[in-house]
Amino acid sequence: MGEAETPSFEMTWSSTTSSGYCSQEDSDSELEQYFTARTSLVRRPRRDQDEAVERETPDLSQAETEQKIKDYNGQINSNLFMSLNKDGSYTGFIKVQLKLVRPVSVPSSKKPPSLQDARRGTGRSSAVKRRTSFYLPKDAVKHLHVLSRTRAREVIEALLRKFMVVDDPRKFALFERTERHGQIYFRKLSDEEQPLKLRLLAGPSEKALSFVLKENDSGEVNWDAFSMPELHNFLRILQREEEEHLRQILQKYSRCRQKIQEALHACPLG
């Protein structure tokens, strides 16, 4: 996306849950230093997998788009309007709810990044040598001002840049949340889908459509998404777990052997 197409972001933070962070450089344990990597190895049984299935959306003419925007703006109770541009594109707001269960990695500092730091974009240009694992507040909500041609992958990348998150964007996915007949459904957006277009077609109702950022948990581990230190740490974790498992087995058989020997000594010679 060119320089003129870079989406601007106006963010609101609505969460009552406090956040926490732990510095990796203060930890003496290698298992703690990259505990975010270890949690990615733990796979729980799932009945289905999240697959990015692109929804077929109709191509609207400029007149149809203009009418849709008028209808949309007439239904909202805020100033988060959509605007039609001369080139046929349009701008507007999407709301993204963050539902991240694992911490994210940010450049190590004395404190986690604030919203003011995120807006200024400080600390991103320098090379990241040390990281801090930072828990984002649960159910935090961001209002993003984007273009109609802004893709889902660009929304994720821009969010991570704004909050100085140095994790690979492929670790995250943007989901479409809908409510139908009392049931909640999630669909993972493909990289090329345009969230603002989906918002316009669905209307302003949050039940009809909302966006959620979650971990990109597929059925298999995406090893390319991890850094070299994390991959090396995986090997150390596996080795330690193997050694611990072996130690427990040897202890079990040692106790059995001792019990048998004690029984033999207790038997009368005959």
Side-chain angles (χ1 to χ4, degrees), residues 1-14 48-99 118-119 121 140-163 169-170 172-214 216 218:
M1 188 165 68
E3 185 68 26
E5 299 179 6
T6 302
S8 61
F9 287 75
E10 299 181 14
M11 304 189 182
T12 61
W13 190 288
S14 57
D48 55 348
Q49 302 297 336
D50 293 322
E51 295 182 357
V53 180
E54 188 167 351
R55 172 183 293 178
E56 293 185 4
T57 55
D59 291 327
L60 303 177
S61 65
Q62 186 162 351
E64 290 173 328
T65 301
E66 185 176 1
Q67 185 59 47
K68 279 279 188 182
I69 291 175
K70 287 182 180 179
D71 295 340
Y72 182 94
N73 291 340
Q75 297 177 49
I76 60 175
N77 298 319
S78 64
N79 60 348
L80 304 180
F81 300 108
M82 290 194 188
S83 302
L84 183 65
N85 302 321
K86 293 181 179 180
D87 61 357
S89 65
Y90 49 96
T91 58
F93 293 85
I94 60 172
K95 184 170 75 171
V96 180
Q97 183 182 28
L98 276 69
K99 296 184 74 69
R119 293 193 182 99
V141 172
K142 311 289 184 294
H143 283 92
L144 313 177
H145 189 243
V146 297
L147 290 166
S148 57
R149 52 179 170 263
T150 301
R151 298 172 298 167
R153 177 53 51 188
E154 292 169 326
V155 169
I156 296 172
E157 292 172 351
L159 274 172
L160 299 183
R161 284 197 305 269
K162 290 295 181 180
F163 287 94
R170 289 174 294 178
F172 306 91
L174 194 63
F175 285 79
E176 173 190 86
R177 179 186 183 275
T178 57
E179 293 184 33
R180 297 192 301 271
H181 309 296
Q183 298 291 326
I184 297 176
Y185 301 90
F186 286 91
R187 181 183 69 90
K188 185 165 72 172
L189 272 63
S190 68
D191 290 347
E192 301 301 317
E193 288 191 78
Q194 300 163 332
L196 189 61
K197 184 177 181 180
L198 297 174
R199 176 81 280 165
L200 178 63
L201 293 173
S205 172
E206 291 293 321
K207 289 186 176 181
L209 173 71
S210 61
F211 296 107
V212 179
L213 182 70
K214 299 196 296 183
N216 189 15
S218 58

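Because the structure is a prediction, the values reported are computed rather than measured. For reference, positions follow the sequence shown, starting with 1.
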Chemist: Is the shortest heavy-atom distance from the side chain of Pro195 to the side chain of Val146 under 4.5 Å?
Modeler: no
Chemist: Between Arg199 and Ile94, which heavy-atom pair has the shortest distance, and what is it?
Modeler: CB-CG2, 4.3 Å
Chemist: Roughly how far apart are Arg153 CZ and Leu174 CG, rounded to 0.5 Å?
Modeler: 9.0 Å
Chemist: From Asp87 CG over to Arg149 CZ, what is the distance, rounded to the nearest 0.5 angstrom?
Modeler: 5.5 Å
Chemist: Would you say that Phe186 contacts Ile184 through its side chain, given a criterion of any heavy-atom pair below 4.5 Å between the two side chains?
Modeler: yes
Chemist: With a 4.5 Å cut-off on side-chain heavy atoms, are Leu189 and Val155 touching?
Modeler: no
Chemist: When you look at Lys99 and Phe175, which way does the side chain to side chain contact (heavy atoms under 4.5 Å, CB included) test go after all the steps?
Modeler: CA-CA 10 Å; Lys99 296 184 74 69; Phe175 285 79; over 6 Å; no
Chemist: Nearest 0.5 Å, what's the OG1-CD distance between Thr178 and Gln183?
Modeler: 10.5 Å
Chemist: Passes side chain to side chain contact (heavy atoms under 4.5 Å, CB included), Phe172 versus Leu159? Steps please.
Modeler: CA-CA 11 Å; Phe172 306 91; Leu159 274 172; over 6 Å; no
Chemist: Go through Glu193 and Glu176 one step at a time and tell me if the side chain to side chain contact (heavy atoms under 4.5 Å, CB included) criterion holds.
Modeler: CA-CA 11 Å; Glu193 288 191 78; Glu176 173 190 86; 5.8 Å; no
Chemist: Could you grab the distance from atom CZ of Arg151 to atom CD of Gln194, nearest 0.5 Å is fine?
Modeler: 9.0 Å
Chemist: For the pair Asn216 (side chain) and Ala173 (backbone), establish whether a donor and an acceptor sit closer than 3.5 Å, ignoring hydrogens and angles.
Modeler: no
Chemist: What I'd like to find out is whether the side chain of Met82 reaches to under 4.5 Å of the side chain of Leu196, using heavy atoms alone.
Modeler: yes
Chemist: About how many Å separate CD of Gln62 and OG of Ser89, when rounded to the nearest 0.5 Å?
Modeler: 9.5 Å
Chemist: Could Lys68 and Tyr90 be counted as a cation-pi pair, given that NZ or CZ must be under 6.0 Å from the ring centre and within 45° of the axis?
Modeler: no
Chemist: From Tyr72 OH over to Leu201 CG, what is the distance, rounded to the nearest 0.5 angstrom?
Modeler: 11.5 Å
Chemist: Indicate yes or no: at least one non-hydrogen side-chain atom of Leu144 is less than 4.5 angstrom from one of Phe211.
Modeler: no
Chemist: Are Thr91 and Asn85 close enough that some pair of their side-chain heavy atoms sits under 4.5 Å apart?
Modeler: yes
Chemist: What are the two closest heavy atoms between Asp59 and Glu64, and how far apart are they?
Modeler: O-OE1, 4.2 Å
Chemist: Can you say whether the rings of Phe93 and His145 are parallel (under 30°), tilted (30 to 60°) or perpendicular (over 60°)?
Modeler: tilted
Chemist: List the steps, then state whether side chain to side chain donor-acceptor pair (under 3.5 Å) holds for Gln75 with Asp71.
Modeler: CA-CA 7 Å; Gln75 297 177 49; Asp71 295 340; 5.9 Å; no
